[in-house]
Amino acid sequence: MGILSDDVVIIRQSEKEGDPSVITINCPDKTGLGCDLCRILLFFGLNIVRGDVSTDGRWCYLVFWVIGKPNTRWNLLKTRLVEASPAFAWAFGISRCYLSDSESQPPDLFLLKLACSDRTGLLYDVTEVLYKLEINIEKVKISTTPDGKVMDLFFVTDTRELLGTEKRRHEVYEYLRDAIGDAMMSYDIELVSSEVTARSPASSSFAETLFSSLEEHPNGLQTSSSVSIAVDNSLSRAHTLIQITCQDHKGLLYDIMRTFKDFNIQISYGRFTIKRGKNCEIDLFIVQSDGRKILDSSKQDALVSRLRAELQQPLRVVMMNRGPDTELLVTNPVELSGKGRPQVFYDIALALKKINTCIFSAEIGRHLTGDREWEVYKVLINEEDSLPVSRSKIEEQVWSTLMGWE
């Protein structure tokens, strides 16, 4: 394991707070590797300020300059990056790492049942604990009773694959107990069937209501209207050059890499930099899965259109009326592999805690609209127990937190 840690992933932490740390990854290449690595960096809350990637089709060399946090778990990050690299499979003879995501064995699914006395920030405290323990929330159902009690049902998977053990379950209990205190009334974890979180097509009425509402608020939901994407096949004999200029946001590089992975496109060489004013410049030399340039104009248009949509609206946020109640809706596209965007629910809970807004109920689900799958977060706001905050303020706070603009 020492060879892997020393050679595959090298992390040079910054000596001064606010300066970038440098992560170097040197491993065998595979389509979608950049997406998988950027997803891990996003999960750990790192902000990528510069990136370089080069590959010869067999071996890949990546360097990320990232801004960490005082509580960044660098050793754990290194372990996760090593495990995501094909070198991990080579060292241990794990052929399953080379299977497609759809062919890989899905992790065990558990139901975490938690009953608590309600208070502002409760949901954030719970999600923060699960985040620290690397427990992923796949689906959630939260409801508040008239007497102020909250029943939380979290369908979760464990990155460490230990939630089936008594020791791991007790660890989760202790962390939750420390965070919630005497407000925690009951706690239980049980193994459930993965069919519980099976994806379901959205009803036409739901899809029409949701996406028509989102389209009515284009300005407030866009990262920037000035996204420039150019395609050039003249500068390289073997590669298509994609040049992107846009405003930075949290997960920007992940959104780009995710799009290329979904299109089965490989990056041979690339450079990502942030200029003054959070403006980003990205140059990427790419090829199709057959190793050829993208010469078909229809394929170019489809790729550019998808990239522009992902960079302008990586997530969608809107407030809606549900009778006398107010509902916050947040949606994001799901990777073709079935993986959702990391830490969205955590950021929503954090944003609402910052403005002292209480949550009456919350759900996470998945819906199919057309040929795309969306993760949908529905949060019913408890306006009676919250401080008076305008709906536009709630929408702006959630959007800014999700984009990392605070």
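Index from 1, following the sequence. Please read all numbers here as calculations on a predicted model, not as lab measurements.
- Every pair passing salt bridge (charged side-chain N to carboxylate O under 4.0 Å, His left out) that includes a residue from residues 242-253 is listed here, sequence neighbours excluded: Lys250-Asp347.
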(message) Between Arg168 and Glu171, does the salt bridge (Lys or Arg N to Asp or Glu O under 4.0 Å) criterion hold? Intermediate values first, please.
(response) CA-CA 5 Å; Arg168 178 65 162 165; Glu171 179 187 27; 2.8 Å; yes
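- You'll find the side chain of Leu41 stays beyond 4.5 Å of the side chain of Tyr254, heavy atoms only.
- In this structure, the ring pair (Phe, Tyr, Trp, His ring centres under 6.0 Å) partners of Tyr124, at least two apart in sequence or on a different chain, are Tyr346.
- The environment of CD in Glu190 is crowded: more than 12 heavy-atom neighbours from other residues, nucleotides or ligands sit within 6.0 Å.
- Ring-plane geometry between Tyr269 and Phe285 is classed as tilted, the angle between the planes lying from 30 to 60 degrees on a 0 to 90 degree scale.
- Between the side chain of Arg160 and the backbone N or O of Glu134 there is no donor-acceptor pair closer than 3.5 Å.
- Lys141 meets the salt bridge (charged side-chain N to carboxylate O under 4.0 Å, His left out) test with Glu363; sequence neighbours excluded.
- Taking the salt bridge (charged side-chain N to carboxylate O under 4.0 Å, His left out) definition, one finds that Asp182 meets it with Arg177, sequence neighbours left out.
- With hydrogens and angles ignored, the 3.5 Å screen pairs a side-chain donor or acceptor of Asp158 with a backbone N or O of Leu163.
- Under the salt bridge (charged side-chain N to carboxylate O under 4.0 Å, His left out) criterion, Glu15 pairs with no residue at all, not counting sequence neighbours.
- Both tests do not hold together for Arg341 against Tyr377: distance to the six-membered ring centre under 6.0 Å, angle to the ring axis within 45°.
- A search for ring pair (Phe, Tyr, Trp, His ring centres under 6.0 Å) contacts involving Tyr61 returns nothing, not counting sequence neighbours.
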(message) The test is salt bridge (Lys or Arg N to Asp or Glu O under 4.0 Å); show your working for Lys261 and Glu310 and say whether it passes.
(response) CA-CA 13 Å; Lys261 181 180 181 180; Glu310 301 298 347; over 6 Å; no
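- Gln247 places no side-chain N or O within donor-acceptor distance of the main-chain N or O of Asn279, the cut-off being under 3.5 Å.
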(request) Verify ring pair (Phe, Tyr, Trp, His ring centres under 6.0 Å) between Phe154 and Phe110, making sure each step is shown before the conclusion. (result) CA-CA 8 Å; Phe154 293 95; Phe110 294 86; over 10 Å; no
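- For the residue pair Lys278 and Ile274, the shortest heavy atom distance occurs at CA-CG2, 4.0 Å.
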